[in-house]
Visitor: 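Just dropping this structure here.
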Amino acid sequence: MQATTQSQDAPLPPLAPPPTAVIAGADGTSQTIQIPRTQSEVNALVSRRNELSDQISNVSRRRSSLVSEIRTAPDGVGRTGLEDRVRVLDQRIIQLERDLSTTGQQLAAAPADFVTFAERGANQSPDDEFAPGLATGAVSTLMVLGAVWAWRRFRGRKRRRSEPQPQLARDSNDRLERLEQGVEAIAIEVERISEGQRFVTRLLSETRETVKS
């Protein structure tokens, strides 16, 4: 029992300190940097390097804009303020360049395969994944729509073949028959009227000849 208690109360071994390296800084002084050991640490350094590069570009553009304003600004308080801002930006650029140099040396000391994998993931934009996914989805959708259209067309042809003569065709035939019958009836009536006119004409001619005689 006493041995068990002693084993539970024994302190845990201290964690191994992360590996470090001593490098020469940008100003010539020695600097101790931490060497990344895992993929997540390398990914963080790659992201930091890209962010530092973007910040240096932004600050440099701001400095160039201020320098252009100084060239056209008159002497006085306004010009002095612009020059002070340029000096602040110069200090900022120097600090960013130091941080970028330190980050680059840390990545140089990291495993090469970790750095390659991290840079590949950092350079791949969301649009690179979105475009192939969109193309795949569009092709799949078109294939499904084409299959549905072909199936409906096949069913429509089969239905037209199996169905009897449409009602509209039968109605048209009935109308044509009634129209023919009506035309025949009209022709008979016209013939009767013509016979009546001929009879009346002959009767009037005979009556005139009798009167004359």
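Residue numbers count from 1 along this sequence. Only a predicted model underlies this, so the values are computations on that prediction, with no experimental measurement involved.
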Visitor: For the side chain of Q106 and the backbone of I35, is there at least one donor-acceptor N/O pair under 3.5 Å apart?
Guide: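 Absent.
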Visitor: Taking all non-hydrogen atoms of both residues, which atom of R198 and which atom of E195 are closest, and how far apart?
Guide: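 Minimum heavy-atom separation between R198 and E195: NH2-CG, 3.1 Å.
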Visitor: Between E119 and R49, does the side chain to side chain contact (heavy atoms under 4.5 Å, CB included) criterion hold? Intermediate values first, please.
Guide: CA-CA 10 Å; E119 289 178 345; R49 184 190 62 183; 3.2 Å; yes
Visitor: Look only at the side chain of R79 and the backbone of I70, and say whether a donor-acceptor pair between them is shorter than 3.5 Å.
Guide: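 Judged by distance alone, yes, a pair lies under 3.5 Å.
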Visitor: Could you go through D99 and R48, starting from their C-alpha distance and side-chain angles, then the distance that decides it, and tell me whether this counts as side chain to side chain contact (heavy atoms under 4.5 Å, CB included)?
Guide: CA-CA 9 Å; D99 296 340; R48 175 175 172 78; 3.7 Å; yes
Visitor: Would you say CZ of R62 has more than 12 non-hydrogen atoms from neighbouring residues, nucleotides or ligands within 6.0 angstrom?
Guide: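 Counting neighbours around CZ of R62, 12 or fewer heavy atoms of other residues, nucleotides or ligands fall under 6.0 Å, so no.
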Visitor: Give, for atom CG of L89 and atom CG of N58, the distance between the pair rounded to the nearest 0.5 Å.
Guide: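 With rounding to 0.5 Å, CG (L89) is 11.0 Å from CG (N58).
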Visitor: Donor-acceptor pair, E51 side chain versus S47 backbone, under 3.5 Å?
Guide: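 Absent.
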Visitor: For the hydrophobic clusters of this structure (ILVMFWY residues joined by side-chain heavy atoms under 4.5 Å, transitively), does one cluster hold both L96 and L45?
Guide: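 L96 does not cluster with L45.
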Visitor: Would you check if Q55 and R92 make a side-chain contact, meaning some heavy-atom pair closer than 4.5 Å?
Guide: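 Counting from C-beta outward, Q55 and R92 do come under 4.5 Å.
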Visitor: Please report the C-alpha distance between R85 and V88 in whole Å, then the side-chain angles of each, then the deciding distance to 0.1 Å, and finally whether the side chain to side chain contact (heavy atoms under 4.5 Å, CB included) criterion is met.
Guide: CA-CA 5 Å; R85 293 174 61 185; V88 172; 5.6 Å; no
Visitor: Between V46 and F114, is there a shared hydrophobic cluster once you connect ILVMFWY residues whose side-chain heavy atoms come closer than 4.5 Å?
Guide: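 In one cluster with V46: F114, yes.
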Visitor: L107 and I56: same hydrophobic cluster, using ILVMFWY side-chain contacts below 4.5 Å?
Guide: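 Not linked; separate clusters.
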Visitor: Should V115 and L100 be counted in the same cluster of Ile, Leu, Val, Met, Phe, Trp and Tyr side chains packed under 4.5 Å apart?
Guide: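 No; L100 is not reachable from V115 via cluster members.
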Visitor: Can a donor-acceptor pair be found between the side chains of Q91 and Q95 at a distance below 3.5 Å?
Guide: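 Side chains of Q91 and Q95: no pair found under 3.5 Å.
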Visitor: Quick check: closest heavy atoms across P111 and P36, and the distance to 0.1 Å?
Guide: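 Heavy atoms of P111 and P36 come nearest at CD-O, 3.9 Å.
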Visitor: Report the residues that fulfil side chain to side chain contact (heavy atoms under 4.5 Å, CB included) with S65, sequence neighbours left out, ordered by chain and then residue number.
Guide: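 If we apply the side chain to side chain contact (heavy atoms under 4.5 Å, CB included) test to S65, skipping adjacent residues, the hits are E69.
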